[in-house]
Amino acid sequence: MPSYQSSIMTRRDFVRTSAAFAFSGTLFPVGRFLQQQAPVQTEFKELRQGIGYFTGRGGTIGWLVHPDALVVIDTQFPETAAMCLEGLGKRSGRNVDLLINSHHHGDHTAGNGVFRPKAQRILAHENVPVLQKAAAERSSRPAPQTYADTTYAKEWMGSFGDEVVKLRYWGAAHTGGDSVIHFEKANVVHTGDLVFNYVAPVIDTQGGASTENWIVVLEKMHKEFSDETIFIFGHGSAAKGITGTRGDVLAMRDYLSSLFSYVQEGVKQGKTADELAAIDKLPKFEAYSEGNLVERFRGGIRQTYSQLTKTQ
Ligand SMILES: [Zn+2]
């Protein structure tokens, strides 16, 4: 599986990882090495009614800062988790009442250990600890894991300050444990990695992904929320960023539909995964696989192929 880039890839990151890829032939190890070397740029931004995001390295962190509550979604990696925790401490002066993991991937959960001593509980869909453990056991570089201590199956709801936080699980999509997290009063949604905003997404079939149902989940998401809803996305392009509207959710649906149709048609014609992954872009979605994103794009084709042919 390709490595994750920061939520918003800078030009410098782009050049570095491209060069690393050309040099090594594999993006993952050298990309990670360079990520560790590159200085981290972080940003805290409030969006509405005490709810905002933090970007550093890895999936976008969401937060709610209220005089009576501190809620955090996702934890990136240990280094940026510490920066985020410090910044939130200054803003709220509280420990974390609720930490949510949107799904199990390392760029959203590797900082859990940093948050753990300050977090009353860690909440995730019930598949998340299982998938997280399995992924850690498969890893060639296993790291200590900190797991959610509270889980739910379909829906979870809680009050924090004057806000209501609602989690929903709509079935396999990016992984087998993706939560849609809604701050109901402020009408802000954290999508986790259900939306990669205008960039090719990681599709993790071994982690329970279903490209076909992901399309259904995004349609549900569009229907459930309104034009006033502010969305925080797990990842996004430098041009489009990591926040947006339900129109952006539909754009993600359109990309996945195009990818799914392409692979489905190829399977019908008896093509191999190698043959299907020989392209470097889909018509109308050229920007999604630009530069070093092409390997992640091709990975998405292979992952979808394996879902349709059960070859994994
Ligand atoms: Zn992910």
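Counting starts at 1 for both ligands and their atoms, following the listed order. Nothing fancy with the numbering, it's 1 onward along the sequence. Everything numeric here is computed off the predicted structure, so don't read it as measured data.
Aromatic ring orientation, His125 versus Tyr152: perpendicular (interplanar angle above 60°, classes split at 30° and 60°).
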* Carefully, step by step, assess Phe225 and His182 under the rule ring pair (Phe, Tyr, Trp, His ring centres under 6.0 Å). => CA-CA 9 Å; Phe225 303 112; His182 190 203; 4.7 Å; yes
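For His174, the N/O/S atom at the shortest distance from the Zn ion (ligand 1) is named NE2. Restricting Asp193 to its N/O/S atoms, the shortest distance to the Zn ion (ligand 1) is reached by OD2.
Among Val188, Leu47, Val189, Asp248, the single residue meeting the side chain to side chain contact (heavy atoms under 4.5 Å, CB included) criterion with Phe231 is Val189.
The ND1 atom of His105, the Zn ion (ligand 1) and the NE2 atom of His103 define an angle of 100° (nearest 10 degrees).
There is no side-chain donor-acceptor pair under 3.5 Å between Thr304 and Tyr262.
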